[in-house]
Number of protein chains: 2
Amino acid sequence: MTSAFSDGFCDSSVRATIDLIGGKWSMAILWQLLQEECRYAELQRRVGGISQKVLSAELRTLVGAGLVEREVVPTVPPQVTYRITEEGRSLEDVFAALHRWGLQHGG
Amino acid sequence: MTSAFSDGFCDSSVRATIDLIGGKWSMAILWQLLQEECRYAELQRRVGGISQKVLSAELRTLVGAGLVEREVVPTVPPQVTYRITEEGRSLEDVFAALHRWGLQHGG
DNA sequence: CGGTATCCGCTTTGATACTG
DNA sequence: CAGTATCAAAGCGGATACCG
């Protein structure tokens, strides 16, 4: 645990993590889903300001990464619910670290 | 990347932190400077693949944020050394959290 | 309702040339 | 050596329209 970063910039896992949650909307979405599961339209409304295209793309990415779960109920009209996975919930630690530092730094 | 998280996202410090270190190069630069102080050209060489323009801009941002210190030795030719500040060094905790999660998630 | 497809503008990024 | 200026290219995000 001493030096998490050995040498050079060979640690791609940090980069990958930031690439995943560092986007403009990923965090807002995850943040929302951490609080409660949500359907598509509702999620768009809650996040606020995100377009359908971007929301779809983000959700596809997050689902693909295993952070979010997509449940389809084939009714008419269709009903799709998104919820955070255990994997996604584990991000709370990362958020906490970022939050702590953000406060310490920005004041 | 700086965004207006209007509703449903009250914690801007997390966002601010990611905006600061989530850029394409910020982390590579910080990572390098965490290991040892560095002069401009050397830094560009070590980071690898970054242009002068972007490196300058990044450094200005990081210095402005108080994460990096800029020391000018007015010799001929001029000599400028960049080194991490205490503030910047405190990011190690954040990196550690990201690293831990990155491993746990992506492998 | 829950998306995908298309087009378009803006920011980010980079190569190159030039200055102190 | 350590940058700044300029210009071109790429990618992302967003508005709109349309499909299952």
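Atoms considered below: every heavy atom in the structure, side chains included; atoms not considered: hydrogens, waters and symmetry mates. Because the structure is a prediction, the values reported are computed rather than measured. Chain letters run A, B, ... following the sequence lines, proteins first, then strands; residues in each count from 1.
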Value in whole Å for how far the P atom of C/dT16 lies from CD of B/Gln44: 13 Å
Nearest-angstrom distance from the residue atom CD of A/Gln79 to C1' of C/dG2: 11 Å
A/Arg83 side chain to A/Glu71 backbone, donor-acceptor under 3.5 Å: no
Spacing of B/Tyr40 atom OH relative to C/dT19 atom P, expressed in whole Å: 17 Å
Heavy-atom side-chain contact between B/Trp31 and B/Val47 under 4.5 Å: no
Contact list for DNA chain C against residues 53-68 of chain A - heavy-atom distance below 4.0 Å: A/Lys53, A/Ser56, A/Arg60
Salt-bridge present (B/Arg39, B/Glu42; N to O < 4.0 Å): no
Of the listed nucleotides C/dG20, C/dG3, C/dT13, the one nearest the side chain of B/Lys24: C/dT13
Sub-4.5 Å side-chain heavy-atom contact between A/His105 and B/Leu67: yes
Nearest-Å distance for atom pair CD/C1', residues B/Gln52 and C/dT13: 14 Å
Residues A/Arg46, A/Glu36: salt bridge by 4.0 Å N-O rule: yes
Main-chain N/O of A/Ile50 paired with A/Gln44 side-chain donor or acceptor, under 3.5 Å: yes
Boundaries of the DNA chain D segment in contact with chain A, non-hydrogen, under 4.0 Å: D/dG13 to D/dG20
Closest non-hydrogen atom pair, A/Cys38 against A/Leu33: CB-CD2, 3.8 Å
For atom CD of A/Glu42 and atom P of C/dG2, their distance in whole Å: 10 Å
side-chain hydrogen bond (donor to acceptor under 3.5 Å, both in side chains) assessment of B/Ser56 paired with B/Tyr40: CA-CA 9 Å; B/Ser56 295; B/Tyr40 183 86; 3.1 Å; yes
Phosphate-side-chain proximity, A/Arg39 and C/dC1, N/O vs OP1/OP2 below 4.0 Å: no
